[in-house]
Amino acid sequence: MVESVFETIIMGSNTVFLDMPEDEYLLKYTSLSLDSAQNLADYYFKYRGRDVMPEVKDIDLNPDTHSVKITVELNSQNKNIHSHNMIENL
């Protein structure tokens, strides 16, 4: 299924779009939902060997092209969220 996913990268942004045929999406998932889209995004980036944490922001069905577009925000797995120095009280 991930072979039919087309990834569009927005340069200078951590947002990507995953597009795929509607019928391919519905072979695995019964509905268009953020949960199923998150599952697909997690699998897609793991399968591709990308060290990121995808967060699905939106999912959209284009009835004219019969395609599903998933908007994903990528965050690095290695990003230290506590990057500033902290002094502990002893």
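Throughout, numbering of the chain's residues begins at 1 and tracks the sequence.
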- Message: Glu7 and salt bridge (Lys or Arg N to Asp or Glu O under 4.0 Å): which single residue from Arg48, Lys69, Arg50 fits?
- Response: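 That would be Arg50; it is the only one of Arg48, Lys69, Arg50 passing the salt bridge (Lys or Arg N to Asp or Glu O under 4.0 Å) with Glu7.
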Enter the distance from [X]:[atom1] to [Y]:[atom2] here, rounded to the nearest 0.5 Å.
{"X": "Ile70", "Y": "Gln38", "atom1": "CD1", "atom2": "CD", "result": "9.5 Å"}
{"X": "Asp58", "Y": "Thr15", "atom1": "CG", "atom2": "OG1", "result": "11.5 Å"}
{"X": "Thr71", "Y": "Leu34", "atom1": "OG1", "atom2": "CG", "result": "10.0 Å"}
{"X": "Leu27", "Y": "Glu22", "atom1": "CG", "atom2": "CD", "result": "10.5 Å"}
{"X": "Ser67", "Y": "Met20", "atom1": "OG", "atom2": "CE", "result": "10.5 Å"}

- Task: Kindly work out whether a path of hydrophobic side-chain contacts (I/L/V/M/F/W/Y, heavy atoms less than 4.5 Å apart) joins Phe6 to Val16.
- Result: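 No, because Phe6 and Val16 fall into different hydrophobic clusters, even though each may have its own neighbours under 4.5 Å.
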- Item | Cluster check Leu26, Leu40: I/L/V/M/F/W/Y, side chain < 4.5 angstrom | yes
Where [X] and [Y] come nearest, the two heavy atoms and their spacing:
{"X": "Ala37", "Y": "Ile59", "answer": "CB-CD1, 3.7 Å"}
{"X": "Val72", "Y": "Ala41", "answer": "CG2-CB, 4.3 Å"}
{"X": "Ser4", "Y": "Pro21", "answer": "O-CD, 3.6 Å"}
{"X": "Phe17", "Y": "Ile10", "answer": "CE1-CD1, 3.5 Å"}

- Item | Any donor-acceptor N or O pair under 3.5 Å, side chains Glu3, Tyr47 |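 Their side chains do contain a donor-acceptor pair, which is all the 3.5 Å distance test asks for.
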- Between Ser36 and Tyr25, is any side-chain donor less than 3.5 angstrom from a side-chain acceptor?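 The answer is yes; a qualifying pair exists.
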- Message: Using side-chain heavy atoms (C-beta onward) and a distance below 4.5 Å, is Phe45 in contact with Leu74?
- Response: yes
- Message: Looking at Val2, is its backbone amide N or carbonyl O close enough to the side chain of Glu24 to form a donor-acceptor pair, meaning the two atoms are under 3.5 Å apart?
- Response: no
- Identify, with sequence neighbours excluded, every residue that meets side chain to side chain contact (heavy atoms under 4.5 Å, CB included) alongside Glu73.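 Result, side chain to side chain contact (heavy atoms under 4.5 Å, CB included) vs Glu73: Asn14, Glu55, Lys57, Asn75.
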- Message: Working note: Asp19 + Thr8, criterion side chain to side chain contact (heavy atoms under 4.5 Å, CB included); need CA distance, chi angles, decisive distance, verdict.
- Response: CA-CA 8 Å; Asp19 292 283; Thr8 304; 4.0 Å; yes
